[in-house]
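None of the values given here were measured: they were computed from a predicted structure. Just so it is clear, the values below take in all heavy atoms, side chains as well, and ignore hydrogens, waters and symmetry mates.
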Amino acid sequence: MENASISSLATSAQWSAEEFVIRPLTSADIQSVRALHTELAPSFPALRSTFFHQLLTHPTHLCLVATLPSSDKPVACIATAIHVLTSDLTSRAPPPPIEVRVLALGVLPAYRRRGLAMRLLRTAASSLRVLAANAPQVPTALITTHTGTRVCVDVARADGSTRAFWKHVGMHEEEDAPRREPWSVGWRDVVSVAGPVLIAA
């Protein structure tokens, strides 16, 4: 693995979202993706290798990376998991369908505003729905045939740019009051963001 900073890949070339190669994470990518996460979110706790190994081995988790056609170095990534909502066992209403929970999403600044994050999101949602259909731990009754898949993500209340991004792609902040969660130093307030993502049928 090269020691050069991942930021050295940044160029002024104009790339569209469709020109990037999107593929599943491999074990050989873990070091580079950890460096990518650290560069994009230096104030966040470093992601451990075990986080990525779980993404590689768990049947309901998925991590995708985006690279330039001429390089294997990731310039963006998304980590996601199938989230099965709990329902009231006494209710006769149909159980809620599965959700796709976004665990991490990031794009290097040089490749933003090209639709890459949205392409990663749609590809992950589509792929996870296929995984859910074949995962024994996911009841088939929860898998819908609609082209829209509900996506949810927790965002730091103080992170205005990330909240603006999710609003831009059509997500809405839940009306529940922000909740507190332990952080690297003390606690932080987070808000839940959710909404449908249209994917290919």
Side-chain angles (χ1 to χ4, degrees), residues 5-7 9-20 22 25 33-47 51 55 61-68 74-83 85 98-129 146-200:
S5 169
I6 195 167
S7 61
L9 289 173
T11 69
S12 59
Q14 298 298 307
W15 298 90
S16 70
E18 298 306 316
E19 293 177 288
F20 292 91
I22 293 181
L25 176 81
V33 175
R34 289 185 69 193
L36 175 65
H37 178 268
T38 299
E39 181 172 342
L40 292 174
S43 64
F44 279 54
L47 295 178
F51 172 81
L55 293 171
H61 288 57
L62 176 68
C63 183
L64 300 175
V65 298
T67 68
L68 297 175
V75 298
C77 71
I78 185 170
T80 54
I82 296 171
H83 181 221
L85 297 173
I98 62 169
E99 290 183 336
V100 170
R101 177 165 291 277
V102 177
L103 308 175
L105 172 61
V107 179
L108 281 176
Y111 305 103
R112 292 175 184 170
R113 301 187 184 280
R114 293 168 171 79
L116 179 56
M118 195 62 193
R119 185 182 168 204
L120 280 167
L121 187 60
R122 287 175 173 160
T123 303
S126 176
S127 300
L128 274 178
R129 196 161 68 175
H146 301 114
T147 56
T149 296
R150 178 177 165 86
V151 171
C152 56
V153 59
D154 290 336
V155 181
R157 186 180 185 182
D159 191 345
S161 61
T162 299
R163 292 171 68 182
F165 164 78
W166 289 110
K167 182 178 180 180
H168 174 72
V169 300
M171 303 295 166
H172 302 281
E173 294 184 3
E174 307 283 83
E175 295 183 359
D176 298 340
R179 65 184 186 280
R180 308 203 78 194
E181 68 175 18
W183 198 233
S184 55
V185 178
W187 296 73
R188 70 169 186 170
D189 291 334
V190 298
V191 293
S192 295
V193 180
V197 169
L198 295 180
I199 57 178

Approximate separation, where rounding is to 0.5 Å, of C77 SG and L64 CG: 9.5 Å
For H61, what residues pass the ring pair (Phe, Tyr, Trp, His ring centres under 6.0 Å) criterion, not counting sequence neighbours? H58
Could you give the distance from CZ (R122) to CD1 (I78), rounded to the nearest 0.5 Å? 12.0 Å
Considering only heavy atoms from C-beta outward, does the side chain of L68 approach that of Y111 to under 4.5 Å? yes
Using a 4.5 Å cut-off on heavy atoms from C-beta on, say whether the side chain of V107 contacts that of R114. no
Do the side chains of V100 and I82 get nearer than 4.5 Å, heavy atoms only? no
Tell me, do V65 and I22 make a side-chain contact under 4.5 Å, heavy atoms counted? no
L47 backbone acceptor or donor facing R34 side chain under 3.5 Å: yes
Could you pull out the closest heavy-atom pair between L40 and P109, with the gap in Å? CD2-CD, 4.0 Å
May I ask you to test the T67-V75 pair for a side-chain heavy-atom distance under 4.5 Å? no
Find out whether L55 and L103 are in side-chain contact, i.e. whether some heavy atom of one side chain is under 4.5 Å from a heavy atom of the other. yes
Quick one: pull up CZ in F165 and CE in M171 and give me the separation to the nearest 0.5 Å. 8.0 Å
Beyond-backbone contact of D154 with V191, side-chain heavy atoms, under 4.5 angstrom: no
Using 0.5 Å steps for rounding, measure from the CG atom of L105 to the NE2 atom of H37. 11.0 Å
From CZ (R101) to OG (S192), nearest 0.5 Å: 6.5 Å
Under the criterion side-chain contact (heavy atoms from CB on, under 4.5 Å), I'd like the reasoning laid out for V197 against R150: C-alpha separation, chi angles, the key distance, then a yes or no. CA-CA 6 Å; V197 169; R150 178 177 165 86; over 6 Å; no
Given side chains that start at C-beta, do those of D159 and S161 come closer than 4.5 Å, heavy atoms only? yes
Would you check if the side chain of T80 reaches a backbone N or O of L62 as a donor-acceptor pair within less than 3.5 Å? yes
Which atoms form the tightest heavy-atom contact between P74 and V33, and what is the distance? CG-CG2, 3.9 Å
How many angstroms lie between atom CZ of R157 and atom CZ of R188, to the nearest 0.5 angstrom? 13.5 Å
Where is the tightest heavy-atom contact between E39 and P42, given as atom of each residue plus distance? O-CD, 3.7 Å
What are the two closest non-hydrogen atoms of R163 and A156, and how far apart are they? CD-O, 3.7 Å
